[in-house]
Chemist: 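Before I ask anything, let me first share the structure, which is written out below as structure tokens.
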Number of protein chains: 2
Amino acid sequence: MARAERLAQDLSLQFTTLRRRTLEVVAEEGRPLGAYDIAERLSAPGKRVAAVSVYRALDFLTEHGLVHRIASRNAFVPCEHGHGAGESAVFLICRSCGSVDETISAEIERSLDHTLAQAGFKPASRIVEIEGECGACQGRQEEG
Amino acid sequence: MARAERLAQDLSLQFTTLRRRTLEVVAEEGRPLGAYDIAERLSAPGKRVAAVSVYRALDFLTEHGLVHRIASRNAFVPCEHGHGAGESAVFLICRSCGSVDETISAEIERSLDHTLAQAGFKPASRIVEIEGECGACQGRQEEG
DNA sequence: GTCTTGCCTGTTACAGTGTAACGATCGGCG
DNA sequence: CGCCGATCGTTACACTGTAACAGGCAAGAC
């Protein structure tokens with residue numbers, strides 16, 4: 001992610017090797033990764049990376065909007081949009097291939113805002129995760 | 001929940017004591033309960049209920065739409081609506097008092113359906129969880 | 001240079017979450 | 001009675017996440 005690298009320059013000092021490599025691992029994978037999976041990929045023979053370090057790196061990355069946490073999977077994916085941290089994304093999680101697509105819909109945001117205002121609820125963070133079957137996997141099943 | 005009791009009759013054999021008591025515990029609490037919290041409340045001196053039994057009861061209850069799982073909290077709340085299992089609910093989770101309010105919005109469902117159709121994604125289950133501050137807690141803060 | 005400060009990382013330990021596997025129990029049925 | 005299916009108890013285990021403390025490293029103050 002070139003965007004991440006660019007944002008990294010702004011944080012210069014803060015974007016350490018561990019955090020950069022954590023982001024790389026998450027970005028290379030096409031599906032959500034658990035913290036322990038990341039730790040395993042970051043580890044080399046004789047150089048083990050503890051899961052707790054990964055968690056701290058992930059905290060940093062999520063705070064700066066470079067990765068997202070998938071609550072229903074306890075896993076992490078790279079952020080594919082340049083949206084601000086306060087904005088809400090919709091995650092489409094495919095049960096067949098495990099891929100996660102991140103989309104943003106102004107329409108959904110509007111209806112959410114409307115419903116929240118009606119309820120007198122002041123939102124801080126939003127989680128919208130849809131499990132199902134992505135278009136590619138639907139096509140694959142029709143063929144087979 | 002009288003509704004749950006009524007639905008229980010239909011499942012006659014399936015609605016065992018453990019499952020009923022699990023539902024009671026979840027319904028009595030005004031906030032999401034973890035599986036181990038439930039197990040603790042179900043346990044009596046000399047009669048310990050293991051968490052794994054609670055998980056099985058919760059699986060049953062969620063399948064039949066009597067309780068919901070709050071993915072962002074790893075906790076469970078009673079279902080407050082008679083909606084079908086396929087319908088999507090919106091959970092408003094208050095960070096101050098920990099309460100969870102369940103609402104249904106046709107507007108949100110429409111916009112979600114629209115976005116999903118555009119993406120060619122076939123949804124199976126939907127998770128919409130908003131963290132923030134409920135109306136009651138906002139009023140309380142203004143006073144204090 | 002040295003000292004202090006603050007941040008990041010390593011390590012250990014531990015609490016919480018969830019599942020697999022096996023055995024026992026109970027009710028219904030031939 | 002014996003069989004069968006579902007539920008439940010128990011143990012064991014894997015995964016997820018946090019607390020606490022120690023060491024390293026860069027930057028600024030003296």
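Only heavy atoms go into these numbers, but all of them, side chains included; no hydrogens, no water, no symmetry mates. Per chain, numbering begins at 1; letters A, B, ... match sequence-line order.
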Chemist: What's the closest nucleotide to the side chain of B/Ala50 if the choices are C/dC8, D/dT10, C/dG10?
Modeler: D/dT10
Chemist: Using a 4.5 Å cut-off on heavy atoms from C-beta on, say whether the side chain of A/Leu61 contacts that of A/Phe76.
Modeler: no
Chemist: Rounded off to whole Å, could you give me the CZ-to-C1' distance for the A/Phe15 and C/dC7 pair?
Modeler: 16 Å
Chemist: Whole angstrom is fine here: how far is it from CG in A/Asp59 over to P in C/dT9?
Modeler: 12 Å
Chemist: Taking only Lys NZ, Arg NE, NH1 and NH2, and the carboxylate oxygens of Asp or Glu, determine whether A/Arg41 and A/Glu29 approach each other closer than 4.0 Å.
Modeler: yes
Chemist: For atom CD of B/Glu131, decide whether the heavy atoms of other residues, nucleotides or ligands shown that lie under 6.0 angstrom number more than 12.
Modeler: yes
Chemist: In whole angstroms, how far is the P atom of D/dT18 from the CZ atom of A/Phe60?
Modeler: 18 Å
Chemist: With a 4.0 Å limit, can you tell me whether B/Gln14 has a side-chain N or O closer than that to the phosphate oxygens OP1/OP2 of D/dT7?
Modeler: yes
Chemist: Report yes if at least one side-chain N or O of A/Ser53 is closer than 4.0 Å to OP1 or OP2 of C/dG10; otherwise report no.
Modeler: yes
Chemist: Backbone N or O of A/Ala89 within a donor-acceptor pair of the A/Glu102 side chain at under 3.5 Å?
Modeler: no
Chemist: What is the distance, to the nearest angstrom, from the CG atom on A/Leu42 to the P atom on C/dC8?
Modeler: 17 Å
Chemist: May I have the distance from B/Arg20 (atom CZ) to D/dC8 (atom P), rounded to whole angstrom?
Modeler: 12 Å
Chemist: Is the phosphate of C/dT9 approached by A/Thr16 (side-chain N or O, under 4.0 Å from OP1 or OP2)?
Modeler: yes
Chemist: For B/Leu58 and C/dG16, what is the distance between atoms CG and P respectively, to the nearest whole Å?
Modeler: 17 Å
Chemist: Could you write out each protein N or O paired with an N or O of nucleotides 13-17 of chain D at a distance under 3.5 Å?
Modeler:
unit_1, atom_1, unit_2, atom_2, d
D/dG17, OP1, A/Arg69, NH1, 2.8
D/dG17, OP1, A/Arg69, NH2, 2.3
D/dG17, OP1, A/Asn74, OD1, 3.4
D/dG17, OP2, A/Tyr55, OH, 3.1
D/dG17, N7, A/Tyr36, OH, 3.4

Chemist: Using 30° and 60° as the class boundaries, would you call the ring planes of A/Tyr36 and A/Tyr55 parallel, tilted or perpendicular?
Modeler: perpendicular
Chemist: Distances for protein N/O vs nucleotides 20-26 of chain D N/O pairs under 3.5 angstrom?
Modeler:
none

Chemist: Whole angstroms only, please: what is the CG-C1' distance between B/Leu18 and D/dG9?
Modeler: 11 Å
Chemist: Do the side chain of B/Gln138 and the main chain of B/Glu133 share a donor and acceptor less than 3.5 angstrom apart?
Modeler: yes
Chemist: Kindly say whether A/Val49 contributes a backbone atom to a donor-acceptor pair with the side chain of A/Ser43 at under 3.5 angstrom?
Modeler: yes
Chemist: B/Glu129 side chain to B/Ala71 main-chain N or O, any donor-acceptor pair under 3.5 Å?
Modeler: yes
Chemist: Provide, to the nearest angstrom, the distance between the NE2 atom belonging to B/His64 and the P atom belonging to D/dA6.
Modeler: 13 Å
Chemist: Taking atom NZ of B/Lys47 and atom CG of B/Leu42, what is their separation to the nearest 0.5 Å?
Modeler: 11.0 Å
